[in-house]
There are 2 protein chains.
Amino acid sequence: MPASTTLSTAELRRPIVAAAALSEFARGGFHGTTIADVAREARISPAYVFKLFPGKEALFVAALEACFDEVIAALSSGADAASDQSPTGILDAMADAYAELIGDRRLLSIQVHAQSITHIPEVGAGLREGLARVTSFAKERSNGSNADVQRFMAYGQLCHLIVTAGVEGETQPWAEILTHGIRHP
Amino acid sequence: MPASTTLSTAELRRPIVAAAALSEFARGGFHGTTIADVAREARISPAYVFKLFPGKEALFVAALEACFDEVIAALSSGADAASDQSPTGILDAMADAYAELIGDRRLLSIQVHAQSITHIPEVGAGLREGLARVTSFAKERSNGSNADVQRFMAYGQLCHLIVTAGVEGETQPWAEILTHGIRHP
DNA sequence: TTGATGAGTGATTGATCACTCACTCTTGGA
DNA sequence: TCCAAGAGTGAGTGATCAATCACTCATCAA
């Protein structure tokens, strides 16, 4: 068992490529990102990407799953760190953690891109799966009412819109209405 | 002035092509839709599209503007028809009208697609412009508080997510949390 | 009648990209 | 030492598509 330069197996490399795909798809979207982009980011050849994933769509779904893994982890540690452990206190802490998390836009962007290609069945299924995980986790961890959890999700979506549209750069009244009380990411 | 077969001028044809672009971009997104698709829908040649619009991006922006025209019109007539003319009564009526409007998915889809390509400056600007129109209209027409209008927008975004992800087909508890009280489009 | 202007198109081009295939290199067990 | 199995790649290929260009045809003012 030579400790120094063990070749990474395909099994070990797959999640690395998925992470690279997350970054690249977040930047360019599904159609705007090439397999070559992902391969370059992952430091492998384009051809090898197809040995690790059956096609571009499966690669996108893997990236989306990696995104929701990170989201759940951030919500979890945010909830743990909440000073007020009441349901709404926990949901507020989760919202803060989420706003912090999407500061780099990667996790936000790929969700928006996924929304725009849900006509690909695997992507739609992957998005629903992620939503199920987030919603269920928020409900169970906070023990809040259904209405509280729904509001948490709705304002999360508003936050997505504010960031993707760049509303934060605006100073008019309409922008103030949308952004008021939203932690600026 | 021959009344029978006056040739449509470029000026008159542009909005027709924009409407065709709205339908096509809504179906395939920016990268997934070709100029040939739009041309076919508008019954003109691909080459002529480039005589009417300087490029694909300008065509998308025109389609997005047409989308917000329709949205404002629907909100307006929804508000007029509200039985309860209090601020929240008007906002509720607008929400109903909006849910009704996006039943055909075209107006919803192009907004989601626009969100995914806001890195194109003209698209980002067009989206902010549309948001400004919708938010300002909701505020002025309803005379509701800023918080009421913000909630109206947030739940609108949740509605977008529910429809694009196909949450309505799900019956699990997490789906019930998200969709409860949302008028099914 | 003429000629200028604008409507509208067919054919093409240059670039891009998902995906394939035949191939080489590396590793570790017998 | 040898070899089987898997890691990893270079060089394509066929298809697609935005954008261009040289054209034809219709209209109408003078």
Side-chain angles (χ1 to χ4, degrees), chain A residues 1-25 27-64 113 117 119-123, chain B residues 1-21 23-25 27-64 113 116-117 119-123:
Chain A
M1 196 191 287
S4 54
T5 53
T6 312
L7 259 196
S8 44
T9 69
E11 225 51 53
L12 289 175
R13 201 177 278 270
R14 232 181 295 266
I16 295 174
V17 177
L22 171 51
S23 292
E24 292 300 306
F25 280 130
R27 279 172 30 87
F30 182 75
H31 292 287
T33 300
T34 70
I35 295 293
D37 291 334
V38 175
R40 194 179 314 113
E41 177 77 10
R43 315 266 187 178
I44 60 177
S45 69
Y48 193 39
V49 174
F50 289 98
K51 292 253 169 99
L52 296 175
F53 295 90
K56 194 182 183 184
E57 297 178 1
L59 182 58
F60 186 91
V61 172
L64 188 59
H113 288 306
I117 52 167
H119 57 268
I120 301 173
E122 293 82 1
V123 174
Chain B
M1 194 190 287
S4 54
T5 54
T6 312
L7 263 195
S8 44
T9 70
E11 227 49 54
L12 289 175
R13 201 178 278 272
R14 232 182 294 268
I16 296 174
V17 176
S23 292
E24 291 301 305
F25 280 131
R27 278 170 33 84
F30 183 74
H31 292 288
T33 300
T34 70
I35 296 291
D37 291 333
V38 176
R40 195 178 313 113
E41 178 76 10
R43 316 266 187 177
I44 60 175
S45 70
Y48 192 38
V49 174
F50 287 98
K51 292 251 168 102
L52 296 175
F53 295 91
K56 193 181 183 184
E57 298 177 0
L59 182 58
F60 186 91
V61 172
L64 188 59
H113 288 306
S116 77
I117 53 167
H119 58 268
I120 301 174
E122 293 82 0
V123 174

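Excluded from the calculations below are hydrogen atoms, water molecules and symmetry mates; all remaining heavy atoms, backbone and side chain alike, are included.
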- [ ] Among the candidates D:dG8, D:dC17, D:dA19, find the nucleotide nearest to the side-chain atoms of B:Thr34.
- [x] D:dC17
Task: Check: B:Lys51 side chain, D:dT20 base, donor-acceptor under 3.5 Å - done: no
TODO: Please indicate whether A:Arg14 has more than 12 foreign heavy atoms, meaning atoms of other residues, nucleotides or ligands, lying under 6.0 Å from its CZ.
DONE: yes
Task: Separation of atom NE2 in B:His31 from atom C1' in D:dT16, rounded to whole Å - done: 15 Å
TODO: May I ask you to decide if the ring planes of A:Phe30 and A:Phe60 are parallel, tilted or perpendicular, using 30° and 60° as cut-offs?
DONE: perpendicular
Open item on the list: Without decimals, in angstroms, what is the distance between A:Arg40 CZ and C:dC17 C1'?
Closed with: 12 Å
TODO: Rounded off to whole Å, could you give me the CD-to-P distance for the B:Glu57 and D:dA19 pair?
DONE: 8 Å
Task: Test item: B:Lys56 side-chain N/O and B:Phe50 main-chain N/O as donor-acceptor pair under 3.5 Å - done: no
Task: Nucleotide nearest A:Ala47 (side chain, heavy atoms from C-beta), chosen from D:dG10, D:dG8, C:dT9 - done: D:dG10
Task: Intermediate values then yes/no, side-chain contact (heavy atoms from CB on, under 4.5 Å), A:Val61 and A:Ile120 - done: CA-CA 10 Å; A:Val61 172; A:Ile120 301 173; over 6 Å; no
Task: Gap between atoms CZ and P, on A:Phe60 and C:dA18 respectively (whole Å) - done: 14 Å
Task: Atom-pair distance (CD1 on A:Ile35; C1' on C:dC17), nearest Å - done: 9 Å
Open item on the list: Taking the nucleotide of DNA chain C with the nearest heavy atom to each, does B:Glu11 or A:Pro46 sit closer to the 5' end?
Closed with: B:Glu11
Open item on the list: Expressed as a whole number of angstroms, how long is the span from A:Phe50:CZ to C:dA18:P?
Closed with: 7 Å
Task: Any A:Arg13 side-chain nitrogen or oxygen under 4.0 Å from OP1 or OP2 of D:dG8 - done: yes
TODO: Using atom CG of B:Leu12 as one end and atom P of C:dG6 as the other, report the distance to the nearest whole Å.
DONE: 15 Å
Open item on the list: As a test of reading the structure: which of D:dA19, D:dA7, C:dT9 is closest to the side chain of B:Ser45, going by heavy atoms?
Closed with: C:dT9
Open item on the list: Can you measure A:Arg43 atom CZ to D:dT9 atom P for me and round it to whole angstrom units?
Closed with: 12 Å
TODO: For side-chain contact (heavy atoms from CB on, under 4.5 Å), just list the numbers for A:Ile44 and A:Arg13, CA-CA rounded to whole Å, side-chain angles, deciding distance to a tenth of an Å, and then say yes or no.
DONE: CA-CA 10 Å; A:Ile44 60 177; A:Arg13 201 177 278 270; 3.4 Å; yes
